[in-house]
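Written below as structure tokens is the structure these notes are about.
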Amino acid sequence: MEKTILVVEDEKAIADILIFNLQREGYQTLEANDGPAGLRLALEKAPDLILLDVMLPGMDGFEVCKRVRETSQVPILMLTAREEEADKIAGLELGADDYITKPFSMRELMARVKANMRRAPAPAAGETPPAEGKLVVSAERGAVYKDGKPLELSVREFDILTFLAAEPGKVFSREQLMENVWGYEYYGDLRAVDVAIRRLREKLEDQPAQPRYIITKRGFGYYFSDSEAIEGV
């Protein structure tokens with residue numbers, strides 16, 4: 001089945017180039033040229049990925065991202081002409097999976113699209129969740145359960161968790177996480193890893209400030225601490 005990408009970009013020339021190259025790669029496309037239209041299409045059409053410009057008329061990309069994240073875990077790749085790292089981190093804090101700074105090459109953009117397009121497998125229909133009282137991380141089921149209930153994780157969060165859980169107790173640096181989880185040569189701010197870990201902890205941990213599962217090894221990186229939580233990783 002063809003994947004659909006929503007392009008939300010107010011500069012028509014850039015939007016046309018993006019759509020041409022995406023369609024050439026075999027993707028179906030949707031287009032919006034302002035924030036409200038982008039939000040509406042994101043919610044109504046359920047695309048497989050969103051390319052979202054930051055500077056948009058009517059509603060900026062940050063607000064669109066925030067509102068999409070209220071109901072959807074669709075991968076969001078933000079397009080920004082801003083050089084300030086604070087703006088890029090702000091997008092990640094709001095739930096974006098990745099960002100790319102203009103001007104960018106189509107080769108780099110397509111690499112980012114393909115890396116973020118991959119989805120975690122969905123749990124089997126009618127599957128009985130594990131019993132309450134523990135965390136279960138299952139790559140085979142394509143799900144993470146806590147106290148018998150499935151957690152709503154983004155693709156990036158699921159990938160980070162299953163990667164760390166596959167080798168409990170082993171510390172991975174931010175660079176190693178970038179290489180193995182993000183899945184392509186990444187030139188962005190390594191703080192993106194810290195942001196993704198923080199978002200994951202907020203969903204995973206009872207007390208995110210005192211985590212039980214994803215532990216920080218100061219000066220080194222992160223590791224997963226509970227081998228009993230793993231099932232088929």
Side-chain angles (χ1 to χ4, degrees), residues 49-52 54 61-62 65-66 69 73-80 82-102 104-105 107-120 135 137 139 144 146 151-227 229-230 233:
L49 182 140
I50 301 174
L51 292 178
L52 178 61
V54 170
F62 295 134
C65 179
K66 178 182 177 181
R69 275 291 172 261
Q73 295 298 327
V74 59
I76 297 175
L77 173 56
M78 300 200 78
L79 310 176
T80 174
R82 301 184 180 188
E83 292 297 331
E84 294 85 354
E85 292 298 330
D87 288 330
K88 298 170 184 177
I89 297 301
L92 297 173
E93 291 276 12
L94 291 170
D97 295 276
D98 203 352
Y99 64 81
I100 185 168
T101 303
K102 300 176 183 176
F104 48 79
S105 70
R107 181 178 179 180
E108 180 184 8
L109 178 68
M110 291 304 165
R112 301 282 185 100
V113 166
K114 290 175 182 177
N116 285 282
M117 181 68 74
R118 193 199 60 74
R119 289 182 173 276
L135 176 74
V137 181
V144 178
K146 183 179 179 182
L151 295 181
E152 290 288 334
L153 301 182
S154 70
V155 174
R156 179 75 71 234
E157 292 160 355
F158 181 86
D159 286 350
I160 291 171
L161 182 56
T162 54
F163 178 76
L164 290 174
E167 298 189 67
K170 182 175 179 178
V171 179
F172 292 92
S173 68
R174 292 185 297 172
E175 290 85 356
Q176 288 174 313
L177 287 170
M178 275 287 182
E179 180 181 353
N180 289 280
V181 177
W182 272 248
Y184 51 87
E185 193 171 3
Y186 193 85
Y187 298 103
D189 193 325
L190 287 174
R191 286 180 297 173
V193 175
D194 301 326
V195 173
I197 292 287
R198 184 161 63 250
R199 284 168 47 199
L200 177 57
R201 279 175 172 163
E202 289 171 355
K203 299 178 180 180
L204 193 67
E205 306 280 0
D206 292 329
Q207 300 181 59
Q210 298 179 335
R212 169 185 174 185
Y213 299 109
I214 298 181
I215 310 300
T216 301
K217 181 73 171 179
R218 295 198 179 279
F220 294 94
Y222 299 98
Y223 67 95
F224 187 80
S225 66
D226 190 349
S227 60
I230 304 163
V233 174

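If you read the sequence from its start, that first residue is 1, and numbering goes on from there.
Atom CG of L94 is separated from atom CE of M78 by 7.5 Å, given to the nearest 0.5 angstrom. Distance check: F104 CZ to L109 CG gives 5.0 Å after rounding to the nearest 0.5 Å. Atoms CD1 and CZ, on I197 and R199 in that order, are 11.0 Å from each other to the nearest 0.5 Å. Annotation: the span from K170 atom NZ to Q176 atom CD amounts to 7.0 Å, rounded to 0.5 Å. Distance CG/L135 to CZ/R212: 8.0 Å, rounded to 0.5 Å.
At a cut-off of 3.5 Å, with distance as the only test, a side-chain donor of D194 or Y222 sits close to an acceptor on the other residue. A donor-acceptor contact closer than 3.5 angstrom links the side chains of N116 and D98.
With L164 as the partner, the side-chain contact (heavy atoms from CB on, under 4.5 Å) test is satisfied by one option alone out of L200, L177, V171: L177. Screening I160, L204, V144 for a side-chain contact (heavy atoms from CB on, under 4.5 Å) with L153, the sole residue that qualifies is V144.
In terms of heavy-atom proximity, G95 sits nearest to C65 at C-SG, 3.9 Å. Across all non-hydrogen atoms, the minimal contact from R201 to I214 is NH2-O, 2.8 Å. Among all heavy-atom pairs drawn from P75 and R69, the shortest one is CA-NH2, 4.2 Å.
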Step by step, work out the side-chain contact (heavy atoms from CB on, under 4.5 Å) result for L161 and F224.
CA-CA 8 Å; L161 182 56; F224 187 80; 3.7 Å; yes
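Aromatic pair F172/F220: ring centres not closer than 6.0 Å.
By the 4.5 Å heavy-atom criterion applied to side chains, I100 and L79 are counted as neighbours. Looking only at side-chain heavy atoms (C-beta outward), K102 and T80 stay at 4.5 Å or farther from each other. For the pair E108/V113, no side-chain contact is recorded, criterion being any heavy-atom separation below 4.5 Å from C-beta on.
Counting heavy-atom neighbours within 6.0 Å of K203 NZ, excluding the residue itself, gives a total above 12.
At least one cation-pi condition fails for R112 and W182: the charged atom is not both under 6.0 angstrom from the six-membered ring centre and inside a 45 degree cone around its axis.
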